[in-house]
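In this chain, numbering begins with 1 at the start of the sequence shown.
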Amino acid sequence: MQVAIVVYPGMTALDAIGPYEVFRFIPNCDLRFVYHQTGPVVTDSRVLILGATHSFEETPEPDIILVPGSEANTVTAMADSDLIKWLRRVHQTTRLTLSVCTGSMILAAAGILQGHPATTHWIAQKRLAAFGVQPQPDKRVVSSGKIKTAAGVSAGIDLSLQVVSELYGRQMAEKIQLIIEYDPKPPFQSGHPNKASKEVLTNAETEMKKRSYNSRNFISVPKIYWNSIINKVRMGKED
C-alpha cells in the first residue's frame, strides 16, 4: 500500500503528521511525503521543518493520497499548477483520495470535489461552495465514494483511523488507536463554532484572518479562478 502525503511550504504540520502517525503502522506500507522535489519543507510556524522524501514524478500511481491544509499558503498551493496537475492525474487511479483541513480547498481547485459533499476547517466552509462542492460544516469526516475529507487539523487522526478500519478491519484500527493512545478528552468544549462562546469565536476568527494573510494571494487568486473557468469549459466540452 503506497500512501503519498503532500507537503508544501507553509503547510500545517499536524494535518500531515497526525495521519502519518496512524498510517505508519499499516503493514508493508510505502509511506512517503511528496513535493516537486525532495528536500526540506518549512511549515507554517517557520520553525518546524519536514522533509519531502519523494517527488511527484517518482510517485505516479499512489494507492492513497492525502493533502494537508495551511494557514496562509493554501491559496498558493491551489495555484500551483504542477501540484494540481499531479493531483488530477493520480486521483484517476487512487484507491482513496483524502484531505485534512483546508487541504480540501486544494482538491477543490483541482476539480476533484465538484459535485461532492465535503468538509474543511470551519473558517473556510463557505469557500468550498464556489467550486461546486457541497459544504458539510457540522461533520468531522465526510465520505463520498473514494474521496474522504476531514475538518480542521486534529480531525485528520479520525479520518486516518476510519481509513484503516475500512481497509484492514476495526481491530487493526483499534490497535493503532491504542498504540498512539488516542483517547481525546479536551479540557474545554470549544473545538467547533457550535460549541464555542461568541467571544471565543470572534477572537478566533480575528486570529485566523490575521494568520491567513499572504501577499501572494493577489497573484494566486486570479490564477485559481481562471483555471477554474477553463476546467469548467473543458468539462462541458467532454460532456
Side-chain angles (χ1 to χ4, degrees), residues 1-7 11-33 43-45 47-51 53 63-71 95-104 107 117-125 135-144 146-201 203-205 207-208 211:
M1 179 71 72
Q2 187 178 97
V3 180
I5 299 176
V6 174
V7 292
M11 59 173 282
T12 298
L14 187 58
D15 286 5
I17 296 302
Y20 156 81
E21 191 63 32
V22 173
F23 290 145
R24 76 185 185 93
F25 290 101
I26 295 177
N28 302 314
C29 181
D30 175 11
L31 184 58
R32 50 181 66 186
F33 291 102
T43 64
D44 53 7
S45 67
V47 175
L48 180 63
I49 299 175
L50 299 179
T53 60
D63 297 292
I64 298 174
I65 57 173
L66 183 142
V67 183
S70 171
E71 291 178 341
R95 190 168 179 179
L96 290 171
T97 296
L98 317 173
S99 69
V100 179
C101 198
T102 54
S104 59
L107 291 183
T119 190
T120 187
H121 191 282
W122 56 267
I123 201 143
Q125 290 284 346
Q136 305 291 308
D138 296 322
K139 294 184 179 179
R140 192 162 170 82
V141 177
V142 175
S143 298
S144 181
K146 70 174 184 177
I147 301 170
K148 293 182 181 292
T149 54
V153 193
S154 63
I157 299 176
D158 297 33
L159 168 71
S160 305
L161 287 170
Q162 185 181 111
V163 167
V164 172
S165 177
E166 292 179 3
L167 297 181
Y168 296 92
R170 178 169 175 170
Q171 188 173 42
M172 171 71 78
E174 289 188 356
K175 181 181 73 172
I176 294 174
Q177 182 177 356
L178 179 57
I179 290 173
I180 66 175
E181 201 169 348
Y182 181 56
D183 186 29
K185 292 181 175 61
F188 312 106
Q189 293 300 315
S190 60
H192 189 276
N194 291 343
K195 298 179 180 178
S197 67
K198 186 175 181 179
E199 182 180 5
V200 168
L201 179 58
N203 289 340
E205 287 176 335
E207 178 74 11
M208 289 296 295
R211 287 177 174 271

Examine distances only and state if a side-chain atom of [X] and a backbone atom of [Y] form a donor-acceptor pair shorter than 3.5 Å.
{"X": "Ser197", "Y": "Val200", "result": "yes"}
{"X": "Thr43", "Y": "Leu48", "result": "yes"}
{"X": "Asp15", "Y": "Gly69", "result": "yes"}
{"X": "Ser45", "Y": "Val47", "result": "yes"}

Would you be so kind as to tabulate the donor-acceptor pairs closer than 3.5 Å made by side chains of residues 156-164, with sequence neighbours excluded?
| residue | atom | partner | partner atom | Å |
| --- | --- | --- | --- | --- |
| Asp158 | OD1 | Tyr182 | OH | 2.4 |
| Asp158 | OD2 | Arg140 | NE | 2.9 |
| Ser160 | OG | Gly156 | O | 2.7 |
| Gln162 | OE1 | Ser143 | OG | 3.3 |
| Gln162 | OE1 | Lys148 | NZ | 3.1 |

Partner residues of [X] under the side-chain hydrogen bond (donor to acceptor under 3.5 Å, both in side chains) criterion, sequence neighbours left out:
{"X": "Gln2", "answer": "Asp30"}
{"X": "Thr120", "answer": "Ser104"}
{"X": "Lys146", "answer": "Thr94"}
{"X": "Arg24", "answer": "Glu21"}

Measuring only between side-chain heavy atoms, which start at C-beta, is Thr97 closer than 4.5 Å to Val67? no

Are Leu96 and Asp63 close enough, and set up right, to give a side-chain contact (heavy atoms from CB on, under 4.5 Å), and what steps lead you there? CA-CA 7 Å; Leu96 290 171; Asp63 297 292; over 6 Å; no

For Phe33, what residues pass the ring pair (Phe, Tyr, Trp, His ring centres under 6.0 Å) criterion, not counting sequence neighbours? Tyr20

Listed by chain and number, what are the side chain to side chain contact (heavy atoms under 4.5 Å, CB included) partners of [X], not counting sequence neighbours?
{"X": "Gln189", "answer": "Pro186, Lys195"}
{"X": "Ser70", "answer": "Tyr8, Asn73, Thr74"}
{"X": "Gln171", "answer": "none"}
{"X": "Ala151", "answer": "Thr119, Ala155"}

For Arg95, give me all partners under salt bridge (Lys or Arg N to Asp or Glu O under 4.0 Å), at least two apart in sequence or on another chain. none

